[in-house]
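These notes are about the structure you will find just below.
Here is the naming used below: chain letters follow the sequence lines, and residue numbers restart at 1 for every chain.
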Number of protein chains: 4
Amino acid sequence: MTPSKPMRADARRNRARILAAAEEVFAERGASASTEEVAARAGVAIGTIFRHFPTKRDLLAAIMKDLRRRLIDKAEALVADGDPGTAFFDYFTFLVGSSARVGAVVSLLAEEGTSIEPGEQIMALDHTFGTLLDAAQEAGTVRPDVHLDEVMALLAAATHGALATAWSDDLRHRTVTLLLDAFRPR
Amino acid sequence: MTPSKPMRADARRNRARILAAAEEVFAERGASASTEEVAARAGVAIGTIFRHFPTKRDLLAAIMKDLRRRLIDKAEALVADGDPGTAFFDYFTFLVGSSARVGAVVSLLAEEGTSIEPGEQIMALDHTFGTLLDAAQEAGTVRPDVHLDEVMALLAAATHGALATAWSDDLRHRTVTLLLDAFRPR
Amino acid sequence: MTPSKPMRADARRNRARILAAAEEVFAERGASASTEEVAARAGVAIGTIFRHFPTKRDLLAAIMKDLRRRLIDKAEALVADGDPGTAFFDYFTFLVGSSARVGAVVSLLAEEGTSIEPGEQIMALDHTFGTLLDAAQEAGTVRPDVHLDEVMALLAAATHGALATAWSDDLRHRTVTLLLDAFRPR
Amino acid sequence: MTPSKPMRADARRNRARILAAAEEVFAERGASASTEEVAARAGVAIGTIFRHFPTKRDLLAAIMKDLRRRLIDKAEALVADGDPGTAFFDYFTFLVGSSARVGAVVSLLAEEGTSIEPGEQIMALDHTFGTLLDAAQEAGTVRPDVHLDEVMALLAAATHGALATAWSDDLRHRTVTLLLDAFRPR
DNA sequence: TATGAATGAGCCTTCATTCAT
DNA sequence: CATGAATGAAGGCTCATTCAT
């Protein structure tokens, strides 16, 4: 199951450029942006995109995978060197702040009957988040009766909300702060 | 300011059928569903849709207006005969429960550079919600430091979230209950 | 073969209004103007137009017939009380000046494979014009070797040209004056 | 200012086929002929036409440009090796003879509020024609009081007329001969 | 492999014409 | 007869996807 060929250097470079361009374009223009525009931004021909990603959906999925990777990396960093009592809150806040990127991609996939569950990329953070939640509950900064699925649900909500209604930095800060109070012990 | 001509009975009937069909179709398939599909579901020819709504956008906007009307009616009912201390919470819960409808429409309009602000139909509830919030704060069931814009932001968030990630009834109930705790005095 | 019914007064009135509106609309907007617009201008419903003229082509044809009638009337007036030596020139000049109306209608019919020969309405003036030409040649103001078909051809040409290229009054005057020199004895 | 990429052989071939097909189709059916029909005649898919000419208008404009080029080439040939005294008359005659092509295209563009002036492609011949006119007036074969704008106006007229009313070869010959007399010194 | 031209299904919209009111 | 809503066949154009170069 190892890849048959190690992929030529220029091919790998193209793949990366396409992914970067696609993330930008879709974040700016929404999922309905044309593949041609992605090609232009990436500086490759359209055929090259379809060689790497046989379908537009595949391209979208790849973006999400990429994004997820980065978000999880960030979480791991927080787990590694943060205070267990606040890492949970910090990560939640960080994610909502990243929503411009996250959300755009999410909503793309939400369009049309997509098999990739909208929000999946966030859901895949479950495990990561579970760790942070456990630690925070242990530290007593989060109510013990809060379940992970509720946390994820509120995360998805805040993420979508922030994107769709374009919260200002100030509003986002106040709203998330308020929302996080729901998790705090009373 | 009353319309000069009262609209023929069959026309009014068709308009309603189209609106209903469109709400369904767009909720199921997203805003990119074709007008043709709406026509099929409504049992009319495509031309009939364009006679009533000259543009796809117009159709979408009409759905939103309709929806808003219904949501506001509900709020007014709550205001009229509900307990001021709980009406706020009830309405919030009710709205999130309606999100399948609400959210679908919202996200449609969010696509493409639409002049109808995404979430606008919810935002238009501001006034209605402001009344409920004031009453609840007066009654002491909502923290006095909560602002209306934060409430609306969280409403939009929960609405979008519930839609995009297809919360189960149970999850929605638990999540909203938790979220509403953020509003309660500590 | 007399019409079975004498047509109600209001029906006749409507027919006239439609004809007038159609002439205006088509002159302004070209033949591709919609029947609906004609209806609006005439202040009737679209069904009424199709009752009087079962086809758009029929409406167009009716306009032409109307126009032809008026143009011929004018010629007859010139024949009756004009100088035989100049009536020919006057009429030619008059017709080109009317081209905004004439031409618009002509070009409508020219579009699509129309069975009504483009220019037909002008061609129908043949007889009328023949009379004027004969008189002028008799009077010695027009070369004897000029044939009627050439006159009609140049008339159609000037008419179309004036319309299609929107000659200014000044240019039209100079051009027609020059053109008419072709007819004069050398 | 040379195009950065020389255009692939097959693309150039298709472009030419489309142009040829379009000229035919529009000449036969008028400007309202469908792009699909052009595609069929050219033996390409509809998308190919829109790749080369993003808009129907663009296609029309391209035809005109093409045509103009050919007409001007012809003029230059006449200027180069013709008698200055007759080149003017020859060219005028030639153009009217080409009117089936010329005129069809002209009238297409005349439809709808087009920014490409109807007759523009002929008007663009101004300069070319100006040279011929000057030479002829110098040679004494054309009246000195004739202005270029009048010449162009009559050219447009004859062109349109010949097209719209389908002059026979004989009629065209006699009519143009007669018309050209208007330019001759008396 | 990359390129970019070609394909063609599908979308929104218009409009002549029909028909229930 | 008049009205105006409904119909549905086109038409222009877009864009994911394929394939010759």
Side-chain angles (χ1 to χ4, degrees), chain A residues 5 7-11 14 32-40 43-59, chain B residues 5 7-15 18 32-39 42-59, chain C residues 5 7-11 14 32-40 43-59, chain D residues 5 7-15 18 32-39 42-59:
Chain A
K5 300 241 180 149
M7 194 184 247
R8 272 162 43 173
D10 57 342
N14 270 343
S32 55
S34 78
T35 309
E36 200 97 37
E37 190 168 347
V38 174
V44 303
I46 189 156
T48 305
I49 295 199
F50 279 89
R51 163 170 288 272
H52 286 280
F53 308 95
T55 276
K56 195 182 180 181
R57 277 196 55 62
D58 292 330
L59 175 56
Chain B
K5 296 259 175 136
M7 194 184 231
R8 245 161 60 177
D10 54 346
R12 192 163 49 252
R13 199 162 42 244
N14 271 340
R15 206 194 120 95
I18 290 169
S32 55
S34 79
T35 308
E36 199 100 36
E37 190 168 347
V38 174
V44 301
I46 181 94
T48 303
I49 294 201
F50 281 91
R51 160 172 277 268
H52 287 280
F53 309 96
T55 278
K56 194 183 178 180
R57 275 196 59 59
D58 292 331
L59 174 55
Chain C
K5 300 244 178 145
M7 195 183 243
R8 270 162 44 174
D10 56 343
N14 271 342
S32 53
S34 78
T35 309
E36 199 97 37
E37 191 168 347
V38 173
V44 302
I46 190 155
T48 305
I49 294 197
F50 280 89
R51 162 169 289 273
H52 285 279
F53 308 94
T55 277
K56 195 180 179 183
R57 277 196 56 61
D58 293 330
L59 174 56
Chain D
K5 297 261 171 131
M7 195 183 230
R8 246 161 60 176
D10 54 345
R12 193 164 47 253
R13 197 161 45 244
N14 271 341
R15 206 193 121 96
I18 290 169
S32 56
S34 79
T35 307
E36 199 101 34
E37 191 167 348
V38 173
V44 301
I46 182 94
T48 303
I49 294 201
F50 282 93
R51 160 172 276 269
H52 287 280
F53 309 96
T55 278
K56 194 182 178 182
R57 275 196 57 59
D58 291 330
L59 175 55

Restricting to non-hydrogen atoms, name the atom on D:P54 and the atom on D:H52 that form the minimum distance, rounded to 0.1 Å. CD-O, 3.8 Å

Between D:A33 and B:A11, the residue closer to the 5' end of DNA chain F by nearest nucleotide is B:A11

Respond yes when some side-chain nitrogen or oxygen of D:T35 is under 4.0 Å from OP1 or OP2 of F:dG12, and no when none is. yes

E:dT1 OP1/OP2 closer than 4.0 Å to side-chain N/O of A:H52: no

Interatomic distance where CZ belongs to C:R57 and C1' belongs to E:dC15 [whole Å]: 17 Å

Mapping D:R51 and B:P54 onto DNA chain E by nearest heavy atom, which one lands closer to the 5' end? D:R51

Search all heavy atoms of B:L59 against all heavy atoms of B:V38 and return the closest pair with its distance. CD2-CG1, 4.5 Å

Specify the closest pair of heavy atoms between B:I18 and B:A42, including all atoms of both residues, with the distance to one decimal. CA-CB, 4.0 Å

Heavy-atom closest pair (D:F53 atom, D:R15 atom, distance to 0.1 Å) is CE2-NH1, 3.5 Å

Give the rounded distance in Å between these two atoms: CG of D:L59 and P of F:dG11. 15 Å

Length of the line joining A:I46:CD1 and F:dT14:C1', which is rounded to integer Å: 12 Å

Here the pair of heavy atoms bringing A:T35 nearest to A:F50 is CG2-CE1, 3.6 Å

Can you list every stem that DNA chain E is part of, counting only runs of 3 or more consecutive Watson-Crick or G-U wobble pairs with both distances under 3.5 Å? E:2-21 with F:2-21

Return the OG to CD distance between B:S32 and B:E37, rounded to the nearest 0.5 Å. 10.0 Å

Whole angstroms only, please: what is the CG-P distance between D:D10 and E:dT3? 17 Å

Round to a whole Å and report the spacing from CZ of D:R13 to P of F:dA20. 13 Å

Residue mapping more 5' on DNA chain E - nearest nucleotide basis, B:A9 or B:F53: B:F53

Candidate nucleotides E:dC15, F:dG12, E:dG4, ranked by approach to the side chain of A:A45 - the nearest: E:dG4

Answer yes or no: does a side-chain N or O of D:N14 lie under 4.0 Å from OP1 or OP2 of E:dA5? no

What integer distance in Å separates B:I49:CD1 from F:dA5:P? 16 Å

Protein-nucleotide distance (B:E37, atom CD; E:dC12, atom P), rounded to Å: 10 Å

Upstream residue (5' side of DNA chain F) when B:V44 and D:R8 are each assigned their closest nucleotide: B:V44

Which of E:dC12, F:dG12, E:dT17 is nearest the side chain of C:K56? It is E:dT17

In whole angstroms, the gap separating P of E:dG10 from CZ of D:F50 amounts to 18 Å

Between B:T48 and F:dA5, is there a side-chain N or O to OP1/OP2 distance below 4.0 Å? no

Could you pull out the closest heavy-atom pair between A:A39 and A:A45, with the gap in Å? CB-C, 4.1 Å

